[in-house]
Amino acid sequence: MPASFTIEELESWNGRILAVARDCGLDPCPQEFEICDHGQMFAYMVYSGMPSHYPHWSYGKSYEKLKTLYDYGVSGLPYEMVINANPSIAYLMRDNTLLLQVLTIAHVYGHNDFFKNNFTFRSTRAEFTIQTFKTHADRVREYIEDPSIGLEKVEKLLDAAHALSLQCRRNLAMRKQTPEEELERRLEEAQPSADPFQSIHRRQEYVAPDLNRVPLYPEEDMLIFIRDHNPHFSDWERDLLTIVHEEAQYFIPQLETKIMNEGWASFWHKRILESLELPQSMQLEFMVRHNQVLSAVPGAINPYHLGMKVWEDIERRWNQPTVEEEKEFGPRAQSGRDKIFAAREAERDVSFLRRYLTEELIRELNLFEYQSRGGDRVVARVADDDNWRAIKETLIRSVGTGTAPVIKIEDADYDNNRVLFLKHDHDGRDLQLEYAEKTLQYLRQLWGREVVLETEINGKKSLLCFSEEKLLIKPLH
Amino acid sequence: METVFRSYDPSSAQRSDRCAGDRLRHRQKVHEAIRQNIVDIIAEESIIGKDRNRIIKVPIRGVKEYRFVYGENVPGVGQGGPETQRGQVIGKGEAGGEAHQAGDRPGIDYYETDVSLEELIEIMFEDLELPYLERKHLREIEVEQLYRRKGYRKKGIRVRLDKRRTAISRVKRKQATQRADAIALRSQRFPFHKDDLTYRHTVTEIRRESNAVVLCIMDTSGSMDTMKKYLARSFFFLLYRFVCAKYQNLEIVFIAHHTEAQEVAEEEFFHKGESGGTFISSGYRKALEIINQRYHPSLWNVYVFHCSDGDNFESDNPAALQAAKQIAEISNLFGYGEIKPLGSGYYGSSMIQFFSQLQAENFQTVQIQRKEDIWPSFKGFLSRERAREDAA
């Protein structure tokens, strides 16, 4: 089937789109578009859009899953896929219509601008993305082909590393402290604080800090910690852990800003297309497609829809606040436009929703909270006076990396026996035990000795100990 | 700043199936996982008695990607309409939400794969090193003698003379002769020569066919409760599949017995509830009767399997032994499975001990206590067979 557009057409539309985008204040990186067919699209999706990526069976699995869903018509393919790199790369499906391409191009510039300007992405070093993934792929392949290592061993280590890759620091804008800095901080904290009432208080005792404890402060970057503290690893094993860790770090900002990012891109594709003066036929198709993407998914959250609603709401509240809003917050110092650009730079999903998802919007969107009860999902709270705050809290906890439990390494020499001791920051949500068991098994494999995880099960503090072959659950008193 | 458009390149698109290696590796892992979980899969009631080509869903454990995730009782937020009410049910547990959130969320990893029953059975029997069994148990029977044409010969009997080919070779010879000596030929007749004669050649072919009949005998007396019947049924299913894999022409006979035996349809066999006491001999005699009438051992490979809870009337035991001996003599394999679910108590007698008096090579007994036992005991059943053969 010949494509329904020519490259020249796309280029001319692109010129117009880019002009509008610039006028609006968007500030994207150089952009590359690649036209691909649906088979290539599957492959790009599986490997997160990367032109080269190291092999692992789990990507084969997601391919099969995607293809099955696609073949059975359960889900379509995305219109576009864009990766955070500089220059940014986006893939366009060749079977799509011209309008879809135009819409996609506009949408892509939204993402591109967001990648470039949002603070969470500063740590991703976009100009090296493609090259980094390529060298990772080359190194993993090298290990697979090395007769003294081979596929089995590499796969076994990758399986374990993948299981733990999200157990890492989430806010990468905060610099990780070096061991020297941590040591200094430890010593400083141990100093008694200055007491203005020394004369009437008993003198504070100086307690010497335990500087031999490893880690000095609870450690979230599990793969890195294990890499540095398991003396039995060979170089290739350390390298694989580094690769998996770096890749997870690269994707964390995308997880952390899913709603903002999709909302931002949708917000702008709408604005841009509206000001392009599309011919009538394209205008109609645009409305249909836009509504398809931006409709609410009943019973779930559509990040495109939610995100765009919040962005629009911010702009309106700053441009034309209602009388009550004016009364409550006073006159606005910033225009709506300036406000949204400031927010796109300084927020991530958690802070974005906390600040800008208002009670009115929660009601307007009919957000509700559900819980599973006896195999069914049951609505537990609806957006009324008493419950909207709780719904908001639940939503905030379930976005971004909020879906991954926070588990920190507390002690690498627990019981003076090189047992790895971890603590789960329990926030009311229990771990899924089957998954915890298998993941601890992977952790045990990497650490080489027993691992112990402190968590809460049904309100009871418990220790999950994974020693030789099996899990033991000990309640704590 | 500039924008670059790279056009579609069909040749690179066709070359670049870069996921192929990972897909292959994934499929290998699925295969492996199925083999490891075969015991559980077999124990799933759902596959038993199903059509051969049916696709079944097999939960795969080995290829899940585990992470630390939250458990089930974690609330979530969704978007509803103005009519959404508290207490309203909006879907099924986890699975519902998964479809919308796939990809970016390390949610619970539900993973199932489709395998046709056929494939599953293949995997099952891969484990069993079948060639041994095949050699021993396939009794082949010459069913037909066929004469098949195969080429032509210069010699043969009159009835197989191929007139057309004979005429053609005469014409050829004539042409050749004419070219060599045109004048000599013109004056003479040109008769058939012995060399012209062409005969059709036939070969005799013996088609061997393996016929098999499986007689499933089940105790349907009052003491066989649902659980026992289920175990029996699972066991029969495996045997049936096993024999199916080996024979083209397979018939299956279901016999249900309590104090009396009768031949029943499959449906009835598995679902019928009966009451009353147990005369095992009745089932055996019925089987013998059917074998003699319809499946003579010289033409059929006979497999007889019997499942019971072993709770036979004392007085019937000698008769049962007698009948069992007869069956063992004429069948390829005669199996007795005793179903004693755990917790059912060891009341009543065990026929396994009693049957130890039966000294037949092809008689096998197994005991099944739980559904997890089915596959191991089935395997044991066949491997003992093999061990004995190896010794012989």
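Quick note: numbers below take in every heavy atom, side chains included, and nothing from hydrogens, waters or symmetry partners. So that the names make sense, note that chain A is the first sequence line, chain B the second, and so on, each numbered from 1.
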Enquirer: Between Leu10(A) and chain B, which part of the residue has a heavy atom less than 4.5 Å away: side chain, backbone, both or neither?
Expert: both
Enquirer: So which atom in Arg429(A) and which in Val74(B) form the shortest heavy-atom distance, rounded to 0.1 Å?
Expert: CD-CG1, 3.4 Å
Enquirer: Check this for me: does any side-chain nitrogen of one of Glu65(B) and Lys438(A) sit under 4.0 Å from a carboxylate oxygen of the other?
Expert: no
Enquirer: Between Pro82(B), Ala20(B), Gly21(B), which shows the greatest number of heavy-atom pairs under 4.5 Å with chain A?
Expert: Pro82(B)
Enquirer: Drop me the distance from Glu34(A)'s CD to Arg6(B)'s CZ, to the nearest 0.5 angstrom.
Expert: 4.5 Å
Enquirer: Closest approach of Ala163(A) and Tyr66(B), non-hydrogen atoms and distance?
Expert: CB-O, 3.0 Å
Enquirer: Which atoms form the tightest heavy-atom contact between Val382(A) and Thr84(B), and what is the distance?
Expert: CG1-O, 3.6 Å
Enquirer: With chain A, which of Gln28(B), Arg23(B), Arg27(B) has the greatest number of heavy-atom pairs at distances under 4.5 Å?
Expert: Arg23(B)
Enquirer: Please examine the side chains of Leu18(A) and Thr3(B), heavy atoms only from C-beta on, and report whether any two atoms are closer than 4.5 Å.
Expert: yes
Enquirer: Quick check on Tyr91(A) against chain B: is it the side chain, the backbone, both or neither that has a heavy atom closer than 4.5 Å?
Expert: neither
Enquirer: Main chain of His56(A), side chain of Asp22(B): is a donor-acceptor contact present, judged purely on distance under 3.5 Å?
Expert: yes
Enquirer: Rounded to the nearest 0.5 Å, how far apart are SG of Cys36(A) and CG of Asp9(B)?
Expert: 12.0 Å
Enquirer: On a heavy-atom basis, which atom in Cys19(B) and which in Val46(A) lie closest, and how many Å separate them?
Expert: SG-CG1, 4.3 Å
Enquirer: Relative to the ring of Phe33(A), is the ring of Phe5(B) parallel (under 30°), tilted (30 to 60°) or perpendicular (over 60°)?
Expert: parallel
Enquirer: Gln79(B) versus His305(A): any side-chain heavy-atom pair under 4.5 Å?
Expert: yes
Enquirer: Which bit of Ser165(A) comes within less than 4.5 Å of chain B, counting heavy atoms only: side chain, backbone, both or neither?
Expert: both
Enquirer: At a heavy-atom separation under 4.5 Å, does Leu433(A) approach chain B through its side chain, its backbone, both, or neither?
Expert: neither
Enquirer: Looking at side-chain heavy atoms only, is the closest gap between Arg86(B) and Arg381(A) below 4.5 Å?
Expert: no
Enquirer: Can you say whether Asp384(A) sits under 4.5 Å from chain B via the side chain, the backbone, both, or neither, judging by heavy atoms?
Expert: neither
Enquirer: Please state whether the side chain, the backbone, both or neither of Asp427(A) comes within less than 4.5 Å of a heavy atom of chain B.
Expert: side chain
Enquirer: Taking 4.0 angstrom as the limit, do Arg25(B) and Glu152(A) come out as a salt bridge?
Expert: yes
Enquirer: Compare all side-chain heavy atoms of Arg18(B) with those of Tyr47(A) and state whether any distance is below 4.5 angstrom.
Expert: yes
Enquirer: Check whether Glu437(A) gets within reach of chain B through its side chain, its backbone, both or neither, counting any heavy atom under 4.5 Å.
Expert: neither
Enquirer: Please check: side-chain N/O of Arg67(B) versus main-chain N/O of Ala436(A), any donor-acceptor pairing under 3.5 Å?
Expert: no
Enquirer: If we count only N and O atoms by modelled type, under 3.5 Å, do the side chains of Ser398(A) and Tyr70(B) hold a donor and an acceptor together?
Expert: no
Enquirer: Between Ile105(A) and chain B, which part of the residue has a heavy atom less than 4.5 Å away: side chain, backbone, both or neither?
Expert: side chain
Enquirer: Which bit of Leu151(A) is near chain B, if near means a heavy-atom gap under 4.5 Å: side chain, backbone, both or neither?
Expert: side chain
Enquirer: Would you mind checking which part of Ala296(A) comes under 4.5 Å of any heavy atom in chain B, side chain (CB onward), backbone (N, CA, C, O), both or neither?
Expert: both
Enquirer: Within a strict 4.5 Å, meaning less than it, do heavy atoms of the Val77(B) and Ile301(A) side chains meet?
Expert: yes
Enquirer: Stepwise, does the side-chain contact (heavy atoms from CB on, under 4.5 Å) test hold for Val406(A) with Phe68(B)?
Expert: CA-CA 9 Å; Val406(A) 176; Phe68(B) 285 118; over 6 Å; no
Enquirer: Can you tell me which of Pro75(B), Gly76(B), Ser7(B) forms the most heavy-atom pairs within a distance under 4.5 Å of chain A?
Expert: Gly76(B)
Enquirer: Please state whether the side chain, the backbone, both or neither of Ile362(A) comes within less than 4.5 Å of a heavy atom of chain B.
Expert: neither
Enquirer: Establish, from distance only, whether the side-chain atoms of Asp95(A) and Tyr8(B) form a donor-acceptor pair under 3.5 Å.
Expert: no
Enquirer: Decide side-chain contact (heavy atoms from CB on, under 4.5 Å) for Lys29(B) and Glu155(A); before the verdict, give the C-alpha distance in whole Å, the side-chain angles of both, and the deciding distance to 0.1 Å.
Expert: CA-CA 12 Å; Lys29(B) 289 194 85 92; Glu155(A) 201 171 64; 3.6 Å; yes
Enquirer: Can you say whether Gln85(B) sits under 4.5 Å from chain A via the side chain, the backbone, both, or neither, judging by heavy atoms?
Expert: backbone
